[in-house]
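Let me begin by presenting the structure, written as structure tokens, before commenting on it.
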There are 2 protein chains.
Amino acid sequence: MIAIAIHGGAGTLPRQELTREVWATYRAGLEEALNAGYAVLERGASSLDAIERSVRILEDDPLWNAGRGAVFTEDGRNELDAAIMQGATLQAGAVAGLSHVRNPVSLARLVMERSPHVLLAGVGAEDFAIEQGVELTPRSWFHTERRWDQWLRARTGDQRAGQNVNYFGTVGAVAVDSHGNVAAATSTGGMTGKRWGRIGDSPLIGAGTYAANAGCAVSATGHGEYLIRATVAREVSALMEYRGLSVAAAAREVVQVRLKGLGGEGGLIAVDRAGNLALEFNSEGMFRAARAANGRHLVACYAEEEA
Amino acid sequence: MIAIAIHGGAGTLPRQELTREVWATYRAGLEEALNAGYAVLERGASSLDAIERSVRILEDDPLWNAGRGAVFTEDGRNELDAAIMQGATLQAGAVAGLSHVRNPVSLARLVMERSPHVLLAGVGAEDFAIEQGVELTPRSWFHTERRWDQWLRARTGDQRAGQNVNYFGTVGAVAVDSHGNVAAATSTGGMTGKRWGRIGDSPLIGAGTYAANAGCAVSATGHGEYLIRATVAREVSALMEYRGLSVAAAAREVVQVRLKGLGGEGGLIAVDRAGNLALEFNSEGMFRAARAANGRHLVACYAEEEA
């Protein structure tokens, strides 16, 4: 059974700011990315194609902290990370610290398919992009007024600017195709005001992104350092592979017990070969959407909207 | 029971080059690092202190592809990576792409203990080092004639220069202290001729480095891309935690079945809370040494020397 899930980060907006109008905008953004990926699955293409399609749309949408809407680092730049992995072969590709690549998820896929490596970083990763004929984007593409304002507020000590809205605003997608192959992808602009060349969980295989047909595909979001220490994405699949848990039980155990036990806030989306979906978070909310061939169709932010 | 193991990479030299005299040099280097770490454990200090001590000695020894003896990137530079993790708290620190830090393992420890982050990369990581008062080293410190010759040979197409000798020449240490806390550290100069800002498994938590008291501490070495895809270090501990395997059985399963199944060459060292050690590799050899309070004392390169 084909199925796809996407997320727009476990950070969300403070409830009072998510008015009906604002939510309508976010909801439309999620729907567009979800349905585009689902259409790829419906025409029989691979889960890899589907998640790349969805994540590219989220990257191009300035609403999300990935691609165009990336937040600013401490010194006022945008640094983008992404990863992709396919469950049939355990092949993976990832990129970190990009400044001129419009769709980091697609460069991650090129790393997987056309290089002998898994993770490329910084200027070297952009050298690879150029060699692959990827058209670079002027950095101004990533300069959105909203994120710049957040950066300015963060510099003046408004904690909320750096935490609630941006800290967790990663995007991701997981899917299973008609061949029963799962895949996962994650893309992020990191933390507002991040410094020291910090790399979070998103581009790290096993932390923010993981996929194995033997278990499931996972894209995580949240306070990255905790997700790395808990090897969150690999863990959900490992609990299925080694303990026989369902994807829902494994996701719950990892997010509500282990991650919470370390003090980490976040969430994840996961899907197994049979099309079973899990969308789990221990934060106030997580922008998320899911659609499966059994008719399940969900777009939500907080917990109570899931019906 | 206190115990420590170290490795100097799963690449080793071709057998015909490892003459009795050459092996005596490598053996002495391993013994020095092993015994220094063991002495730290003997006086009751933490496994974290012990592995940092051993790895610093390996980093300062030009024999190994880490710290001083790091290989050269394609454009003739040295880029150093390291990670450290402690099993009691799952805290971790890592650095990637350093050019001016003599002991990357110690900067990884500072990331763990004095920053809110896990992984810092490149110039930003060196900014952090400077803020922490770490004295930077001119890049000439890392310029050894042997590695420079290897780089020159690699550029002229001598494959052996890039593969047998350097590709796998990471160093690492794992230990358990008298309190039953495990810790692991790994440090590397990467691959000779690496490019595109490639980051390997060493600085990635769960790939090249992992430690959990519930399972074991692991430092891996080998063809990094496969180690990342197989989340090798986390996997050994996970098989202990979820399947009840011994550290030896878990290490064997991961290195001889999973890693080999993906086509990956490499090895790892691991230790559990009880002081049980595993030193497993599927390559021709792995420079390794181990010492435990039960009298076990080993220094070896190829398989048959293990008695």
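Because only heavy atoms are used, hydrogens play no part in the values below, and waters and symmetry mates are left out as well, while side chains stay in. So you know, we letter chains A, B, ... as the sequences are listed, proteins then strands, and number each from 1.
- Atom NE2 of B:H223 sits about 12.0 Å away from atom CG of B:N282, to the nearest 0.5 Å.
- Neither the backbone nor the side chain of A:Y226 comes within contact range of chain B; no heavy atoms are under 4.5 Å apart.
- Listed for the A:N78 side chain is a donor-acceptor partner under 3.5 Å among the backbone atoms of A:V71.
- Both the backbone and the side chain of A:R229 come within less than 4.5 Å of a heavy atom in chain B.
- Between chain A and the options B:T73, B:L204, B:D201, B:I228, heavy-atom pairs under 4.5 Å are most frequent for B:I228.
- Interface residue B:R234: only side-chain heavy atoms are found under 4.5 Å from chain A.
- When each of A:L239, A:L90, A:T89, A:L262 is scored by its heavy-atom pairs under 4.5 Å with chain B, the top score falls to A:L90.
- Ring orientation note: the planes of A:H117 and B:W196 are nearly perpendicular, at an angle over 60° on the 30°/60° scale.
- Using modelled atom types, no side-chain atom of B:N65 and backbone atom of B:T170 make a donor-acceptor pair closer than 3.5 Å.
- Highest contact tally toward chain A, considering only B:R195, B:Q91, B:K194, is held by B:Q91 [criterion: heavy-atom pairs under 4.5 Å].
- Taken to the nearest 0.5 Å, the CZ atom of A:F142 stands 11.5 Å off from the CD atom of A:E79.
- At distances below 3.5 Å, at least one donor-acceptor pair connects side-chain atoms of A:S47 with backbone N or O atoms of A:N181.
- Proximity of a side-chain donor or acceptor of B:D272 to a complementary backbone N or O of B:G215 within less than 3.5 Å is not detected.
- Looking at B:T221, its side chain does come within 3.5 Å of a backbone N or O of B:A10 through a donor-acceptor pair.
- Note that CD of B:E74 and CZ of B:R198 are 13.5 Å apart. Values are rounded to the nearest 0.5 Å.
- Proximity to chain B at a heavy-atom threshold of 4.5 Å picks out A:L119, A:L120, A:A121, A:G124, A:A125, A:D127 from residues 119-127 of chain A, in numerical order.
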